[in-house]
Amino acid sequence: MDQRNVERDFWIEQLRLALTVIVCAVIFAVSVTWFTTADLDTHSRTHALALSFGLPLAIVPIAQAMAIRLRLRLLRLHLKFRKLANSDDLTGLANRRSFTERGAAHVEASRAKNSLSGLILIDIDWFKQVNDRHGHEAGDETLIHVAQTLIHAAPPDALVARLGGEEFTVMCEVKDIVALSRIAEALRQATESTCLIYKGEVVRVTISLGLATARADDTLSALLSRADKALYDAKNCGRNRFTLAA
């Protein structure tokens with residue numbers, strides 16, 4: 001669930017809570033006043049009841065607003081730390097920790113819906129040469145460039161993550177291996193056809209990709225293992241291509 005949905009649910013829950021507290025405060029104040037002013041004359045009792053009704057309506061919302069403001073600050077702080085813990089510092093993509101958690105859930109959810117979960121493991125070709133030729137800052141910029149390219153070329157609902165180094169992964173539901181192949185080719189072409197301009201120099205890279213689809217009894221680890229073997233084959237066959245897992 002993204003931050004906007006979390007905050008929306010937060011506000012709905014807080015408004016319900018605030019309304020409940022206000023109603024309970026009014027009922028409590030009026031009830032106490034009703035039983036404690038039985039010996040007063042009608043005018044005095046009416047005045048006391050009016051105050052017991054009005055004061056909670058004036059005071060409790062202010063107290064609730066202050067409490068909500070504090071809880072909202074705590075929620076946003078929690079979301080910030082959660083994002084930091086689950087995001088790659090450099091590219092902003094999901095990190096390995098987040099991918100492991102969300103990827104496993106994706107496999108289980110796809111199995112429950114009787115749909116197919118597809119995994120594409122991606123490695124930047126000859127990445128060391130970028131660092132050696134242009135420097136490590138150019139290497140970092142290249143990683144960011146590739147990350148953004150993958151995000152834009154991948155399906156909107158895909159899980160795009162950086163596993164570490166120059167290795168990325170794209171995970172999504174697909175109809176079949178042919179559909180997954182089309183996605184892989186789109187990722188490959190998008191990376192090959194774009195470039196990074198770093199300090200006036202053109203930096204171009206290509207990617208190799210290993211593809212696998214989840215089997216009935218697959219864990220995320222098994223799926224990754226097959227995609228990794230396919231990626232190894234793609235790199236051995238000349239790079240800048242994708243290979244399907246056996």
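For the pairing with Tyr198, the side chain to side chain donor-acceptor pair (under 3.5 Å) check across Glu141, His145, His134, Glu137 returns one residue only, Glu137. Tested against Asp123, the residues Arg162, Lys235, Arg188 include a single salt bridge (charged side-chain N to carboxylate O under 4.0 Å, His left out) partner, Lys235.
One N or O on the side chain of Thr36 and one on the backbone of Val32 form a donor-acceptor pair closer than 3.5 Å. A distance-only check finds a donor-acceptor pair linking the side chain of Thr219 to the backbone of Ala222 [under 3.5 Å]. Between the side chain of Ser52 and the backbone N or O of Leu49, at least one donor-acceptor pair lies under 3.5 Å. A donor-acceptor pair is defined here as one N or O able to donate and one able to accept, closer than 3.5 Å; no such pair exists between the side chain of Ser117 and the backbone of Ser110. Formation of a donor-acceptor pair under 3.5 Å by the Thr194 side chain with backbone atoms of Ala190 is found in this model. Between the His47 side chain and the His43 main chain, no donor and acceptor come within less than 3.5 Å of each other. The main-chain N or O of Ala94 is never found under 3.5 Å from a side-chain atom of Asp88 such that the two would form a donor-acceptor pair.
Residue Phe168 comes nearest to Leu143 through the heavy atom pair CZ-O, 3.8 Å, listed as atom of the first residue, atom of the second, then distance. Nearest heavy atom pair, residue Ala154 against residue Ala158, reads CB-CB, 4.1 Å. Minimum heavy-atom separation, Ile207 to Leu187: CD1-O, 3.7 Å. When all heavy atoms of Leu116 and Asp176 are compared, the closest pair comes out as CD2-CA, 3.8 Å. Nearest heavy-atom pair, Gly139 versus Asn131, reported as atom, atom and distance to 0.1 Å: CA-OD1, 3.3 Å.
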- Message: Using the rule given for side chain to side chain donor-acceptor pair (under 3.5 Å), can you reason through Thr206 versus Asp125, listing the C-alpha separation, both sets of side-chain angles and the distance that settles it, and then say yes or no?
- Response: CA-CA 6 Å; Thr206 59; Asp125 298 326; 2.7 Å; yes
- Message: Test salt bridge (Lys or Arg N to Asp or Glu O under 4.0 Å) on Glu192 and Arg204; report intermediate values, then the result.
- Response: CA-CA 7 Å; Glu192 183 182 38; Arg204 291 185 180 275; over 6 Å; no
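Ion pairing between a basic and an acidic side chain is recognised when a charged N comes within 4.0 Å of a carboxylate O; Lys229 and Asp233 show no such pairing. For the pair Glu201 and Arg133, the salt-bridge criterion is not met [side-chain N within less than 4.0 Å of a carboxylate O].
Rounding to the nearest 0.5 Å places CG of Asp140 at 10.5 Å from OG1 of Thr91. In this structure, the separation between SG on Cys172 and CD1 on Ile120 is 6.0 Å, given to the nearest 0.5 Å. For the atom pair OG of Ser181 and CG of Leu244, the computed distance is 4.5 Å after rounding to the nearest 0.5 Å. For the atom pair CZ of Arg239 and OG of Ser208, the computed distance is 6.0 Å after rounding to the nearest 0.5 Å. To the nearest 0.5 angstrom, Glu185 atom CD is 11.0 Å from Arg241 atom CZ. To the nearest 0.5 Å, atom OG1 of residue Thr169 and atom CG of residue Asp228 are 10.5 Å apart.
The hydrophobic clustering, which links ILVMFWY residues whose side-chain heavy atoms are closer than 4.5 Å, places Ile151 and Leu196 together. Put simply, Leu57 and Val60 are part of the same group of oily side chains (I, L, V, M, F, W, Y) that touch within less than 4.5 Å, one to the next.
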Side chains of residues 210-218: which donor-acceptor pairs under 3.5 Å do they make with residues two or more places apart or in other chains?
residue	atom	partner	partner atom	Å
Arg215	NH2	Ala246	O	3.0
Asp218	OD1	Arg226	NH1	3.1
Asp218	OD2	Arg215	N	2.8
Asp218	OD2	Arg226	NH1	2.8
Asp218	OD2	Arg226	NH2	3.0

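Under a cutoff of 6.0 Å and an axis angle of 45°, Arg16 and Trp11 do not form a cation-pi pair.
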